[in-house]
Amino acid sequence: LGLAPDLRCANPMLIVANDEAVEAERQRCLSLDASRFVGLGHRTEHDGAEVNDGVAAGHGDDGHGGEESGGVRAARIAASHGARVMAAEEYRVGGTCVIRGCVPKKLLVYASRFSQEFEDAGGYGWTVPDPTFHWSALIANKDREIARLEAAYAATLERYNVALVKSRAVLEDAHTVRLATGASVRAKTILISTGAWPHMGPSIPGLEHAISSNEAFHLPELPRRILVQGGGYIAVEFACIFAGLGSEVTLVYRGENILR
């Protein structure tokens, strides 16, 4: 969001300290000219495509990004100021957190905790038959919830008249993006909100057997054994998830302390 000087009020992580600060920030946002968010271009034709006030491009260079939540919010805020906005996304709307991050991870965390709850229930007077876990049911339910949230994001863009184009968009110059269809779209301001994609490191023997946290959400079955490399919060979370669901988990880390 740093590409535009006054996108702070479109920042979903804006933190203010008190009611006075909230009202001051609200008034500042209301006073902003939409041109500070996106350019005030004229709607004309260029290679068969319209010129918009602004374009939010939300895919990664490798084609696996997402219309990030920051891009969705920026598009919505700009449109609410009267700007004409188009968002280009070749995969799914919602970004890392909704599609392959916080939200699906939390669902798996919740599922992994039930094994301990079942064990503790007897001490509180509950008689619980031997529970069985079905990985395929968990993943199917997770996918259904992610699809619901993605639809909500898309509906929000539609409600604010943001044109959502399901296409890869490549930046050609400071004011032009070219879609996968070959059409070009011009705008005075272009916001790039691509998110990130894991880097698997150098190509070493056996790398073809490694996956990232992205693929972990779509494994066809629960692995009987799994090795997790890393000591950050994502590695530790997935180690605990798989252990809670019944996998034999080994976590390897080159440092002295995890979660340092």
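- Although no hydrogens or angles enter the test, the distance criterion places no donor-acceptor pair under 3.5 Å between the side chain of Ser112 and the main chain of Gly244.
- Cluster partners of Met200 are Ile204, Leu207, counting Ile, Leu, Val, Met, Phe, Trp and Tyr whose side-chain heavy atoms approach within less than 4.5 Å, directly or via other members.
- Annotation: ring pair (Phe, Tyr, Trp, His ring centres under 6.0 Å) contacts of Phe217 (sequence neighbours excluded): Phe238.
- Nearest heavy-atom pair across Ala169 and Val177 is CB-CB, 4.4 Å.
- Residues passing the salt bridge (charged side-chain N to carboxylate O under 4.0 Å, His left out) test with Arg254, sequence neighbours excluded: none.
- Taken to the nearest 0.5 Å, the OG atom of Ser184 stands 7.5 Å off from the CG atom of Leu179.
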Discussion item. Could you go through Leu157 and Met86, starting from their C-alpha distance and side-chain angles, then the distance that decides it, and tell me whether this counts as side chain to side chain contact (heavy atoms under 4.5 Å, CB included)?
Written reply: CA-CA 10 Å; Leu157 292 177; Met86 187 197 84; over 6 Å; no

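- Residues Val98 and Val109 fall into different hydrophobic clusters, defined by Ile, Leu, Val, Met, Phe, Trp and Tyr side chains chained together at heavy-atom separations under 4.5 Å.
- A continuous path of Ile, Leu, Val, Met, Phe, Trp and Tyr side chains, each step under 4.5 Å between heavy atoms, connects Leu138 with Phe242, placing both in one hydrophobic cluster.
- Under the rule for a side-chain contact (heavy atoms from CB on, under 4.5 Å), the partners of Ile258 that lie at least two apart in sequence or sit in another chain are Val236, Leu251, Tyr253.
- Here the CG-CD1 distance, from Leu149 to Ile99, works out to 8.0 Å after rounding to the nearest 0.5 Å.
- Nearest heavy-atom pair, Ile77 versus Ser80, reported as atom, atom and distance to 0.1 Å: O-OG, 2.6 Å.
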Worksheet item: Can you check side chain to side chain contact (heavy atoms under 4.5 Å, CB included) on Trp126 and Glu117, steps first, answer last?
Response: CA-CA 11 Å; Trp126 289 91; Glu117 298 292 337; over 6 Å; no

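- Rounded to the nearest 0.5 Å, atoms CG (Leu107) and CG (Asn141) are 9.0 Å apart.
- For the pair Leu259 and Gly232, the tightest heavy-atom approach, listed with the atom from each and the gap, is CD2-C, 3.7 Å.
- Contact of the Leu171 side chain with the Ile190 side chain is registered, since non-hydrogen atoms from C-beta on lie closer than 4.5 Å.
- Residues Ala74 and Leu191 come closest through the heavy atom pair CB-CD2, 3.3 Å.
- Nearest heavy atom pair, residue Thr181 against residue Ser167, reads N-OG, 4.3 Å.
- Contact check for Tyr153 versus Arg76: no side-chain heavy atoms found under the 4.5 Å cut-off.
- When hydrophobic residues (I, L, V, M, F, W, Y) are linked wherever their side-chain heavy atoms come within less than 4.5 Å, the members clustered with Leu227 are Val252.
- Closest approach of Ile146 to Pro104, counting heavy atoms only: CD1-CD, 3.8 Å.
- In this structure, NE2 in His175 is found 8.0 Å from NZ in Lys188, a value given to the nearest 0.5 Å.
- Between the side chain of Ser212 and the backbone N or O of Asn214, at least one donor-acceptor pair lies under 3.5 Å.
- Not counting sequence neighbours, the partners of Ile211 by the side-chain contact (heavy atoms from CB on, under 4.5 Å) test are Glu215, Ala216, Leu219.
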Fill in: Intermediate values then yes/no, side chain to side chain contact (heavy atoms under 4.5 Å, CB included), Leu164 and Val93
CA-CA 9 Å; Leu164 178 60; Val93 177; 3.7 Å; yes

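- The list of salt bridge (charged side-chain N to carboxylate O under 4.0 Å, His left out) pairs with a residue in residues 149-161, not counting sequence neighbours, reads Arg92-Glu150.
- Glu172 meets the salt bridge (charged side-chain N to carboxylate O under 4.0 Å, His left out) test with Arg178; sequence neighbours excluded.
- Applying the side-chain hydrogen bond (donor to acceptor under 3.5 Å, both in side chains) test to residues at least two apart or on different chains, none of the pairs has a partner in residues 130-139.
- Around the CD atom of Glu256, the shell of radius 6.0 Å holds no more than 12 heavy atoms that belong to other residues, nucleotides or ligands.
- Every pair passing salt bridge (charged side-chain N to carboxylate O under 4.0 Å, His left out) that includes a residue from residues 134-146 is listed here, sequence neighbours excluded: Glu145-Arg148.
- In this structure the side chain of Ser115 never reaches within 4.5 angstrom of the side chain of Leu245, judged on heavy atoms.
- The ring pair (Phe, Tyr, Trp, His ring centres under 6.0 Å) analysis of residues 104-124, with sequence neighbours excluded, yields no pairs.
- Evaluation of the salt bridge (charged side-chain N to carboxylate O under 4.0 Å, His left out) rule for Lys105 yields Glu237 as partners, not counting sequence neighbours.
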